[in-house]
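Structure record follows, encoded as structure tokens.
Letters A, B, ... are given to chains in the order of the sequence lines, protein chains preceding strands, and every chain is numbered from 1.
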Number of protein chains: 2
Amino acid sequence: MTDTTVRTGAAPTLHDVAREAGVSLATASRVLNGSNRKVAEAYRERVQAAADRLGYTANISAQAIARGTSATVALLVADIADPYFGQIASGVAHAADEAGLIVTIAMTERDPAREVALVRTLRGQRPRGIVLAASRDTASDTDALSAEIAAVQSVGGRIVTLGAALPGTRVVAYENEAGARALAGRLAALGYREAVVLAGPEGLRTSDDRLAGFTQGFADGGGEVTQVVRGSISRDAGYEAMSELLSAGLAPGTLVFGISDVVAIGAISAIRDAGREPGADLAVAGFDDIVTGRDVTPGLTTVHLPLEELGAQALRAAVDPDWTPPEPVSLEVLLRDSTPPRA
Amino acid sequence: MTDTTVRTGAAPTLHDVAREAGVSLATASRVLNGSNRKVAEAYRERVQAAADRLGYTANISAQAIARGTSATVALLVADIADPYFGQIASGVAHAADEAGLIVTIAMTERDPAREVALVRTLRGQRPRGIVLAASRDTASDTDALSAEIAAVQSVGGRIVTLGAALPGTRVVAYENEAGARALAGRLAALGYREAVVLAGPEGLRTSDDRLAGFTQGFADGGGEVTQVVRGSISRDAGYEAMSELLSAGLAPGTLVFGISDVVAIGAISAIRDAGREPGADLAVAGFDDIVTGRDVTPGLTTVHLPLEELGAQALRAAVDPDWTPPEPVSLEVLLRDSTPPRA
DNA sequence: CTGTGTCGTTCTCGGTTTGTA
DNA sequence: TTACAAACCGAGAACGACACA
């Protein structure tokens with residue numbers, strides 16, 4: 001593809017560049033990669049030219065091992081196809097790009113054991129940091145995870161948990177409970193008095209916090225949570241849970257709170273498919289403010305989370321040596337047509 | 001966290017394990033990582049125990065350089081927050097997990113120059129393969145990218161393009177043109193005669209193919225594409241393009257074809273926000289079958305793409321030594337309520 | 001004494017960095 | 001002051017050494 005000889009089976013090494021330029025290994029290293037020592041301009045040019053001619057790119061594995069640190073950050077999400085995690089990943093990737101870091105991604109599929117195994121695998125990469133974005137179970141055996149985390153940290157790797165805090169890690173928090181409380185308050189003020197909640201499995205921090213906040217806020221406003229249905233946090237789980245609720249009968253004017261937007265959106269579809277009308281008939285609210293919430297009908301009432309910004313913050317927490325825990329970002333309630341004021 | 005001495009600043013190495021177990025480096029290497037050579041059971045156990053005690057994990061950078069190949073695959077997408085790419089990434093990640101590979105991800109942001117730069121950066125990782133999922137521009141300078149691709153391939157790295165084929169790479173194709181033609185045919189059969197297309201920028205392969213297929217299929221069915229509006233491929237671009245079309249005036253019964261589902265969904269929202277009714281008034285169709293298409297109202301007519309499966313296929317193409325190009329997956333038209341039969 | 005089977009020594013990978021000329 | 005030689009990072013693999021049958 002270039003005018004040089006076609007090389008097969010081996011990438012050009014620093015050795016090749018040095019030989020081509022007629023300088024020593026050390027000199028070539030200094031001009032091509034950072035160094036505090038200086039190099040004469042004439043040499044610099046010759047090396048640069050040779051590198052270009054050969055299409056040289058430093059082997060980052062070799063750099064990592066020689067330098068003792070790898071320009072890498074790992075991101076663990078539950079499911080990258082979920083828009084919640086997609087937007088977070090986008091923020092992480094952006095910030096990583098700015099910091100000149102490569103990000104490796106893995107999916108826990110909401111399995112605690114998988115999460116531990118993945119941290120262990122990723123640890124082999126000696127990453128600068130690991131961002132744990134998949135929300136965690138409070139109940140499940142946290143010891144194995146803690147051990148892996150400690151192992152990463154003892155080597156200088158930083159662990160960042162996004163959302164649910166994990167002891168001994170840097171955490172980028174947002175106020176699930178306060179946000180849900182505020183949401184519930186606003187909805188009670190709109191006249192809602194009965195609510196059912198489509199929650200995640202018991203023990204899941206994010207879900208528990210939101211449920212607690214919502215329940216309290218709604219009670220404070222004079223309403224009551226009459227039912228809590230638990231399932232996984234996904235569109236389909238929301239759809240199914242809602243379908244069952246509907247076949248059991250649900251009074252008009254009831255408010256349905258989906259523990260996250262994807263759940264709420266599944267619920268809206270279930271309501272419609274059951275021949276009822278989302279909105280005035282059965283109101284629905286979510287949490288996260290994923291983009292889709294604007295495009296469903298009626299527009300989904302939710303709590304805005306700056307997902308990309310949170311992802312970016314998480315990455316910075318993973319790499320910034322003198323990072324200090326920021327104030328938890330406070331959340332904003334977005335009232336849309338899925339929860340019209342009750343007459 | 002364990003009962004051993006707390007080590008700071010250095011991960012346990014194979015050396016440490018070997019010393020701890022009282023065996024040689026080679027022996028430790030043999031039991032902890034793959035090897036065809038055998039090792040006595042007594043030794044095996046001692047090494048295993050020592051490794052566990054120390055919390056040893058092989059430094060994959062060191063492995064990569066020693067073995068000459070890194071258990072890594074790179075994935076390039078335009079924007080990981082886009083559900084289209086999110087689902088593909090999910091498929092890639094799943095398949096990579098099965099193959100015991102780590103996947104690094106990067107976003108091109110639809111910038112050809114960035115794409116070249118990223119391939120170059122990722123090349124430093126000496127990945128087993130690179131999956132190029134971001135659709136490419138036919139016009140733009142393809143030479144720089146070709147050079148980088150050739151560089152990867154000359155070292156044994158495999159390049160896989162998903163969707164738009166790139167010469168000299170393994171390609172996982174799907175039939176954009178045929179799919180769009182089939183879609184247009186079905187819609188014409190429903191009675192639509194006038195259509196406008198919200199397309200991507202000129203030169204973007206995926207967009208061009210779908211546009212061509214749709215135009216032809218619609219003409220074959222007796223219809224006519226009266227207008228093509230170009231913009232980027234995103235929800236917001238679809239929304240804006242549609243808004244402009246609407247303010248210029250659009251006759252009821254016109255069909256709007258969004259070059260992808262996200263565009264079409266943006267268009268639906270624009271139609272509704274303009275006070276018109278998506279469906280019977282202005283019909284909308286998309287392409288991709290992202291999950292959101294089921295949840296918008298009316299349900300979005302589209303062409304089904306097995307996105308996760310395509311991602312998985314792409315990964316297999318990147319790692320399977322004896323891979324043969326599969327038949328391009330044929331696509332299925334999904335008629336939903338956004339395109340009701342015309343009376 | 002020779003063959004078989006394990007283990008250890010040593011060189012290697014591609015860079016970085018120190019001491020030194 | 002600047003460039004070079006050599007040691008080093010963590011792991012893999014060829015090859016030699018040794019024990020045992």
Side-chain angles (χ1 to χ4, degrees), chain A residues 7 9-48 50-51 54-72 123-127 155-157, chain B residues 7 9-47 50-51 54-72 123-127 151 155-157:
Chain A
R7 42 181 72 255
T13 78
L14 194 57
H15 258 106
D16 298 331
V17 176
R19 183 164 3 93
E20 175 89 9
V23 302
S24 80
L25 240 181
T27 304
S29 173
R30 284 198 261 273
V31 3
L32 293 178
N33 312 305
S35 172
N36 24 11
R37 314 273 287 249
K38 286 175 185 174
V39 136
E41 194 55 32
Y43 283 81
R44 173 175 301 281
E45 284 169 11
R46 269 168 52 195
V47 172
Q48 210 34 281
L54 265 42
Y56 170 78
T57 296
N59 182 323
I60 71 165
S61 290
Q63 282 190 326
I65 170 180
R67 294 212 248 247
T69 166
S70 81
T72 296
R123 178 153 74 84
Q125 229 183 16
R126 306 288 185 270
V155 193
Chain B
R7 44 180 72 253
T13 76
L14 194 57
H15 260 105
D16 298 331
V17 176
R19 183 163 5 92
E20 174 88 8
V23 302
S24 78
L25 239 179
T27 304
S29 175
R30 287 198 261 266
V31 2
L32 292 177
N33 311 306
S35 172
N36 22 12
R37 315 281 286 255
K38 287 176 185 174
V39 108
E41 195 55 33
Y43 281 79
R44 174 174 301 280
E45 283 170 11
R46 269 167 55 195
V47 172
L54 265 41
Y56 170 78
T57 297
N59 183 322
I60 70 166
S61 290
Q63 283 189 326
I65 169 180
R67 292 211 247 249
T69 167
S70 81
T72 295
R123 177 152 74 84
Q125 228 182 20
R126 305 289 185 271
V155 193

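In this structure, A:Ala26 and B:Ala26 both approach DNA chain C, and ranking their closest nucleotides by distance from the 5' end singles out B:Ala26. The 5' end of DNA chain D is approached more closely, in terms of each residue's nearest nucleotide, by A:Glu41 than by the other of A:Leu25 and A:Glu41.
Using a 4.0 Å cut-off, some side-chain N or O of A:Ser29 falls inside it from OP1 or OP2 of C:dT16. Of the side-chain N and O atoms in B:Asn33, one or more sit less than 4.0 angstrom from OP1 or OP2 of D:dG12. A close approach under 4.0 Å does not occur between any side-chain nitrogen or oxygen of A:Thr13 and OP1 or OP2 of C:dG14. Considering only side-chain N and O atoms, B:Arg44 lies nowhere under 4.0 angstrom from the phosphate OP1 or OP2 of C:dT6. Remark: B:Thr27 is not in phosphate contact with C:dC7, judged by side-chain N or O atoms under 4.0 Å from OP1 or OP2. Between B:Tyr43 and C:dG5, a side-chain N or O to OP1/OP2 separation shorter than 4.0 Å is absent. A close approach under 4.0 Å does not occur between any side-chain nitrogen or oxygen of A:Gln63 and OP1 or OP2 of C:dG15.
Between A:Leu25 and A:Leu14, some side-chain heavy-atom pair lies under the 4.5 Å cut-off. Contact check for B:Glu20 versus B:Val47: no side-chain heavy atoms found under the 4.5 Å cut-off. Side-chain contact between B:Thr69 and B:Arg126 is absent, with no heavy-atom pair separated by less than 4.5 Å.
Residue contacts for B:Ile65: at a heavy-atom cut-off of 4.0 Å it reaches a base atom on one of the strands shown. No engagement by B:Thr69 is indicated, since no non-hydrogen atom pair under 4.0 Å with the nucleic acid exists.
Of the listed nucleotides (D:dA11, D:dA3, C:dG15), D:dA3 has the atom at the smallest distance from the side chain of A:Ala40. With C:dT17, D:dG10, C:dG15 as the candidates, the nucleotide lying closest to the side chain of A:Asn59 is C:dG15. Closest approach to the A:Ala58 side chain among C:dC7, C:dG15, C:dG14 is made by C:dG15 (side chain taken as heavy atoms from C-beta onward). Of the candidates C:dC7, D:dA11, C:dT16, C:dC7 carries the atom nearest the B:Arg30 side chain, counting heavy atoms from C-beta on. Of the listed nucleotides (D:dA3, D:dG10, C:dT16), D:dG10 has the atom at the smallest distance from the side chain of B:Ala66.
In this structure, A:His15 places its NE2 atom 13 Å from P of D:dC4, rounding to the nearest Å. A:Asp16 has its CG atom 13 Å from the C1' atom of C:dC13, to the nearest Å.
At least one donor-acceptor pair closer than 3.5 Å links the side chain of A:Ser70 to the backbone N or O of A:Gln125.
The distance from the OG1 atom of A:Thr13 to the CZ atom of A:Arg19 is 7.0 Å, given to the nearest 0.5 Å.
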